[in-house]
Each structure stands twice: as C-alpha cells, then as structure tokens.
Amino acid sequence: MTAAAALSLLPIPICRSSSKFYARKSVPGRGGCGVVAVLGEEGDDGRVERKSTWDAIFDVEDPRPSMPLSKGKFLNANKAMEVVRFDIQYCDWRARHDLRRMILLHDKVVEILNPLARECRSIGIMKKELEELQGELEEAHRQVHISEARIESTLDKLGYMETLVKDKLLQDRAATGTNSNHTSLTPSIPSAPKDITRKKLPRKGLNVSGPVETYHPGLKNFWYPVAFCTDLKDDTMIPIDCFEEPWVIFRGKDGRPGCVQNTCAHRACPLHLGSVNDGKIQCPYHGWEYSTDGKCEKMPSTRMLNIRIRSLPCFEHEGMIWIWPGDAPPTATIPSLLPPPGFTVHAEIVMELPVEHGLLLDNLLDLAHAPFTHTSTFAKGWSVPRHAHFFFYNSGDGECPLPNQMSCDRKFFCKHYSENCSLVKFLTPASGLQGYWDPYPIDMEFRPPCMVLSTIGISKPGKLQGRTTRECSTHLHQLHVCLPSSRQKTRLLYRMSLDFAPLLKHIPFMHVLWRRFAEQVLNEDLRLVVGQQDRMVNGANVWNWPVSYDKLGVRYRVWRDALERGAEQLPFAK
C-alpha cells in the first residue's frame, strides 16, 4: 500500500503492456548476461496474465448470485443472520478482488520499468501508458477504501443482530419463567424507522457537562511550561495565573528564574505592579523586596521580620520556563518539547484565552473540523474526503424505505450507496496518545499534562501534499501548551518551527505577521469553543456523541478522568 501511494504521486504515469511474453535480463554468473522469457496466457483484451502462486488465494466464487432473497418488510433472526453471513462473504470476495487488482497493477509497473521492455517503446508511448495505469491505481485505492467501509458496516450489523438475539432470549425466559427446550428466535426488523424504537448499542460514556469544577490536586503534580525564556529579561517580570492562583516570574541575582506568589505579605498588593531591582522584586506599596525563593530581604521604614511568601520550583529548559505547582515532590525529569531535528523555530507566541483548558485541548486534538472551521486560513482549499458507504434493507417494493437524511448509525437497514458519507480517521496504537491523520499528512501527539505537538506536511501555505508526512518535502511543526489559568481561562504558549525557508526568520517584523496569522486561526476556533463552554456551563454535554475521528480527544479525556479518580496506573502510558 505504501508503494502504491508513492507511485500515485509520480509526475509520470505507469504503463500497460500488450506483449505475449515478459523478458528480463538476468545474470547467471559473473560477467554473464542472459534473457529469460516468462510465458503467460493472453486474455480477451490481448493482455498477458502471468501465473502466480497467489492465484489460489484470489480464486473465490462471486457470492452475489446466491444472495438470500426476502419478501415483505420483516425478517426473523435466522433470516437476518443469513443476510449478515452473505455480507461477510461478499466483503471477503470484494476485498480479495480489490487486492488482486492492486497486485496486477504493480506487476505492470515492474514490467514497464524492465530495462529490456523500455528499449522496445518510445518515450511518448511509455508516458501515455503510465498515465493510464496511474489512473487505474488511483481507482484501485478508492476501491480498497470502499471495501474497508463495507467490512466495518458488516461488523456493525453483526453486532446489532447478536444484541437482538440476546435481548429476545432474555425476554422469552422472563416471560415463561421456566427452562424451555425450545426458544423462539423471531425478533422482527422493521423496514422504516417510524415502525421501530431501535435499541442503541452500548457505548462508553463520556460526560463533560455542567460548571467547571475546581481542578483536581493530582493535575497539579506535573512540570508546566509557563513562559518563553526570551520574554523574561533581567529587569522584567511575567505575571501568570495557574490553577486559580496568581504567581509572578522574575530572574534573581544569578540570572536564574524564580516563581513567587504574586501577593505581598504585608498588604496583599500585586507584586507585578512593582519593579525588579538587583535580582529582587519590589512591592510598589511599601517597598518590601523578595528574592526568588520567596524570602523578604528588605522592609523599608521598619525593622526586619522573618517573612516569606510562597514560591514554586522553577527553572528553564529548552527555551522555556517551567514550574511545579503541585504538593508532591517534583519529578527529576522534564519532557522534551523541542521540534524534530532539521527544524528552526520561527515564532514563539503567548496568548490568554477565555476558555477552560480542557475544551481548548479538545479542539487542538481534533483535525476533522479544519475544512469547515478554518476556511479562511490554513485549511482554505482543503477537500473533505468521501467514500461510498452502503446500507442494507429488505423491503418487498425494491426501494429504500429510509429517508435521505438518515444517520449512519442506522446503516444496517438500507442497501444503497451514498457518496455523502465523509471519512476522516486518526490512526494510533492501541495504547498511546499519538498517531497520524488519514487522509491528511499530519502527525499528532498529546503529551501530559497539557501539551499538543503536531507535524504537518505542506507544499504551499494552506495546501496539502501527499497522504503522510513522509511523502511531503516541507513541514510545519507546532507546539501548543495549554496552561490552566482558571476554570474559564487558559494561558496558551505556541511555538512554530519550519524545516524550510530559514531566511524568513531574519525578515524584520516577521514575528508580527506570524502572530497575526496565529490570532486569525485561534479566533476561528474561539467563537465555537466559547459557545461550547457557554452551553456546557448550562448543562450540555460537549462530548455527547464521540465518533471515530475523535479518538485522540477521547483518549485525553479518559486519561484525565483516570487521573482525577486517583488511578494508580494512568491509561495510555508509554
């Protein structure tokens, strides 16, 4: 599949041969050269089909002539299981058919690239044949995706049928109250949704609703990046809010950063309104001065007292300033947030956003919304991937009984193809918080407690190239840090890096353009996320119905829920 995807990107297409034998050069020994002819049988279209040891795998009879027929609008469970069994047979046959087609197409590629075969063709003929074969390869890829959708739909139907049978068994046992030797398996399946109240399949609950509660203490026991080192000079300070508490960061006499409570011990005046003098922060009210460990070292106009304010473990690492706001002892290691080798940092931006940090993480871990939300910025021109989806029904009139606006969770009723069912996937290991998007060339990872890293393959600003990042020649790497300032406010640290155009970093005022672009992208998200938050506070569940492409966001919520429940082993740990 990887080879097929790579070949589909070639600027020249792939060819088709009409020869009745295949010839290739071989080297029987040192200095020797021979020609070997591989004979085959000529098909109806004049092409030669080579015999392969794989043919037995694909020699499966088409099951469609034996499709079970049913009259009327109701099925019992046995007939329903017959329909499901046929579906599985058909999906198996179709998948083998698609795979065989892919193998034959790749054999043609090998034939065209054969040195001896190339000598017998002009460049014009080869180019024309390669173009035709490239089109066939793209169609074969599309058919493979359709087969995957068929298999997924069939498995859903099978699970639903099993649920019906189990429910019927339980109902019959409850009605008779005795152990009967014969159990009736005749649950009826209506042909239209107005005739049935369908029992939904069990799914994992994910309830994120109501006013945001106070953050769990366990969430504080992590190292948090709170500022970029370049923003903190020797005579400046950075006030921050972290878990509903005010702090201020400044550099001491030794140049190392420190983080102390942003409240003077004397009269609770905000310290960030003062100044930094000789490595100490001075309160603007009465001039009390504090060092980076929180000790009051100067009290003008009065005698010295042993006064301290709270301070947090703080130091700089990889161009960022980190703090440990929790009560547990700090861990000895800090996660690395640097971009991959070959990237250059072009922008570091800090913003204060009026949303709860979990909702912002939900948004950043989701890419399926981009073609609909970011239509005027980076996703302008992105297409929405689509595939043919099929549904099953058994009505006597031969027409689909369900309305056109039916939802995909009723797909087992109708047997027609719909080109309006979009397909976006996030592929990830069974135990992990990272993966990649399909069909977008983007790798993404959630790194606890609040970081999102992504690498995007790009060709031009706002354009996509290839289906994976490996197929792209240029990349954009992003880091988002979502510091929980309060229950409805997030401090966002954004770092952008590129593996191309290094001269952009030296253009005057380029950072202003990057900031403007970042603000445009975030504003497109904020108008939606702020609306989510408003409804969540009023009781709506913002995770009411997760779907397949929400996988990474769901895993973040599962991880956070386990943390707040005090689980000994957090899920998805490496």
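Just so you know, residue 1 is the first one in the sequence shown, and it goes up from there.
- With rounding to the nearest 0.5 angstrom, the CG atom of Leu493 is 9.0 Å from the SG atom of Cys450.
- The ring-ring contact (aromatic ring centres under 6.0 Å, His included) test applied to Phe315 returns Trp223, not counting sequence neighbours.
- Judged by distance alone, the side chain of Gln533 and the main-chain N or O of Pro354 form a donor-acceptor pair under 3.5 Å.
- Ser336 and Glu318 are linked by a side-chain donor-acceptor pair at a separation below 3.5 angstrom, with hydrogens and angles left out of the test.
- Between the side chain of His272 and the main chain of Met237, no donor-acceptor pair closer than 3.5 Å is present.
- Annotation for Arg308: atom CZ counts as buried by contact number, over 12 foreign heavy atoms lying within 6.0 Å.
- The closest donor-acceptor contact from the side chain of Thr490 to the backbone of Leu353 lies at 3.5 Å or more, if one exists at all.
- Comment: Lys295 does not engage Glu297 in a salt bridge, judged by the lack of any side-chain N to carboxylate O separation of less than 4.0 angstrom.
- Thr263 pairs with exactly one of Cys283, Pro246, Pro270, Cys269 by the side chain to side chain contact (heavy atoms under 4.5 Å, CB included) rule, that one being Pro246.
- No donor-acceptor distance shorter than 3.5 angstrom exists from the side chain of Tyr290 to the backbone of Gln261, with no hydrogens or angles considered.
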>> One pair to check against side-chain contact (heavy atoms from CB on, under 4.5 Å): Arg251 and Glu316. What are the steps and the verdict?
In response: CA-CA 11 Å; Arg251 294 188 182 276; Glu316 49 190 331; 3.1 Å; yes
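- Using a distance-only test at 3.5 Å, with no hydrogens or angles considered, no donor-acceptor pair links the side chain of Asn262 to the main chain of Pro239.
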>> Please determine whether salt bridge (Lys or Arg N to Asp or Glu O under 4.0 Å) holds for the pair Arg487 and Glu356, giving the CA-CA distance in whole Å, both sets of side-chain angles, and the decisive distance to 0.1 Å.
In response: CA-CA 5 Å; Arg487 282 175 285 183; Glu356 193 268 334; over 6 Å; no
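- With a 6.0 Å radius and a threshold of 12 heavy atoms from other residues, nucleotides or ligands, Asp327 has its CG atom at or below the threshold.
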I'd like a table of donor-acceptor pairs (distance under 3.5 Å, sequence neighbours excluded) in which one partner is a side-chain atom from residues 550-558, with atom names and distances.
residue : atom : partner : partner atom : Å
Asp550  : OD2  : Val547  : N            : 3.0
Lys551  : NZ   : Phe426  : O            : 3.4
Arg555  : NH1  : Pro429  : O            : 2.7
Arg555  : NH1  : Gly432  : O            : 2.8
Arg555  : NH2  : Pro429  : O            : 3.2
Arg555  : NH2  : Ala430  : O            : 3.3
Tyr556  : OH   : Arg560  : NH1          : 2.9
Arg557  : NE   : Asp362  : OD1          : 3.3
Arg557  : NE   : Asp362  : OD2          : 3.2
Arg557  : NH2  : Gly358  : O            : 3.4
Arg557  : NH2  : Asp362  : OD2          : 2.7

